[in-house]
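Before any comments, here is the structure.
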Amino acid sequence: MQSSNLSFLAEFLKRRSGLHLTPDKYRLVDSRLTRVSRRFGFRNVEALLAELRHEPDGLSKAVSEAMTTNETSFFRDSATFDHFHRFVLPRLLIARARTRRLRIWCAAAATGQEAYSLAMVLDGERRLFENWHIELVATDLSSEMIARAEQGLYSQYEIQRGLPVELLLGNFVQEGEYWRIAERLRWMVSFRTFNLLEPFDALEPFDVIFCRNVLLYFDHATKAATLDKLARVLAPDGHLILGRSESTSASSKAFVPVQAARGCYAKVRAPALVAV
Ligand SMILES: C[S@@+](CC[C@H](N)C(=O)[O-])C[C@H]1O[C@@H](n2cnc3c(N)ncnc32)[C@H](O)[C@@H]1O
């Protein structure tokens with residue numbers, strides 16, 4: 001691919017999805033965009049890119065979605081879910097005892113396994129949360145991923161990756177070679193598309209935000225701006241949970257790591273006001 005096309009595409013993706021197109025990803029460009037060009041009836045990727053310069057809506061969306069990495073699994077990095085279960089939930093049970101309201105956001109939910117893993121944890125503790133209003137919101141840039149997540153239908157391979165066998169029965173219903181998430185868990189999660197580059201002004205505060213394995217695709221400035229917005233929609237005593245290889249330290253001063261768990265962050269306390 002011509003270098004002018006690569007630099008146009010890199011600028012386009014950074015602006016539309018935040019993806020920082022590094023040279024190690026160049027080889028992905030051809031295979032992923034070849035599929036999009038066939039779908040849209042272009043001769044080749046060059047012809048697709050020529051049209052993309054006019055930024056037609058459908059094509060722009062298809063290209064940004066095709067370039068995302070949607071790798072995920074149930075209970076991915078299981079220590080994170082243990083931490084959520086044993087440390088975060090008990091604290092919130094006390095801290096929100098008066099309002100009995102809990103809001104959790106999976107901010108890059110891909111095909112839904114992360115959100116359904118949280119739904120299974122919450123469902124396992126349903127007696128503690130009786131009469132609570134729990135909102136579990138799962139969003140992703142990609143409408144294709146959100147549509148799959150909403151279906152809640154997983155192959156044997158996807159089920160085998162990370163789902164403890166004791167959680168399969170009772171939480172999934174077999175449909176031929178596939179497994180569908182149980183209705184009661186499906187209805188615990190509200191799915192919708194949302195681009196993390198958009199303003200967060202319309203969002204109400206969350207008690208816990210899972211934003212795992214997406215910031216690592218952003219450049220420094222985009223990551224810093226996103227962390228800044230996340231800090232603004234996280235409750236003062238809330239928890240931010242990143243992927244195990246991600247950290248806030250170089251990009252944000254709003255968070256402090258929770259020592260007990262890699263990838264887990266609390267908000268830095270605002271300095272107390274001193275009376276003068
Ligand atoms: C690697 S998956 C992570 C899935 C899950 N959080 C996990 O850790 O298993 C990254 C997801 O981020 C989504 N994504 C990429 N850029 C995004 C953006 N700007 N806004 C929202 N989601 C985005 C992709 O569509 C993809 O589904």
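Counting starts at 1 for both ligands and their atoms, in listed order.
Considering backbone and side-chain N/O of N70, one or more are found under 3.5 Å from N/O of ligand 1. Considering backbone and side-chain atoms alike, Y217 places every N or O at 3.5 Å or more from each N or O of ligand 1.
Separation of the F172 and F74 ring centroids falls under the 6.0 Å cut-off.
Atoms of ligand 1 lying under 4.0 Å from at least one heavy atom of A110, given by number and element, are 4 (C), 27 (O). Counting atoms of ligand 1 from 1 in the listed order, those under 4.0 Å from a heavy atom of E114 are 5 (C), 6 (N), 7 (C), 8 (O). Proximity to F218 (heavy-atom distance under 4.0 Å) selects the following atoms of ligand 1: 19 (N).
At a threshold of 4.0 Å, the pair R16-E55 counts as salt-bridged, since one of the basic side-chain nitrogens sits closer than that to a carboxylate oxygen.
To the nearest 0.5 Å, the span separating NE2 on H239 from CG on D237 amounts to 6.5 Å. Here the CD1 atom belonging to I181 is positioned 10.0 Å from the CZ atom belonging to R186, to the nearest 0.5 angstrom. With values rounded to the nearest 0.5 angstrom, S245 atom OG is found 8.0 Å from D77 atom CG.
Using 4.0 Å as the threshold, S17 has a heavy atom nearer than that to some atom of ligand 1. Close to ligand 1: F194, with a non-hydrogen atom less than 4.0 angstrom away.
Given atom 8 (O) of ligand 1, the protein heavy atom at minimum distance is N213 ND2, 2.7 Å. For atom 20 (N) of ligand 1, the closest non-hydrogen atom of the protein is L196 N, 2.9 Å. The protein heavy-atom contact nearest to atom 7 (C) of ligand 1 is R76 NH1, 3.2 Å. Regarding atom 10 (C) of ligand 1, its nearest protein heavy-atom neighbour is T69 O, 3.2 Å.
Between the choices A107, A108, G112, the shortest heavy-atom distance to atom 5 (C) of ligand 1 belongs to A108. One option in T139, L19, V214, T72 has a heavy atom closer to atom 9 (O) of ligand 1 than any other, and that option is T72. Of the options L141, D140, N195, the smallest heavy-atom separation from atom 24 (C) of ligand 1 is shown by D140.
Crowding of E150 atom CD: a count of heavy atoms from other residues, nucleotides or ligands under 6.0 Å exceeding 12.
Among all heavy-atom pairs drawn from L128 and L93, the shortest one is O-CD1, 3.8 Å.
When the side chains of ILVMFWY residues are joined at heavy-atom separations under 4.5 Å, either directly or via intervening members, L196 and L141 end up in two distinct hydrophobic clusters.
Using cut-offs of 30° and 60° on the angle between ring planes, the pair F40 and F42 is parallel.
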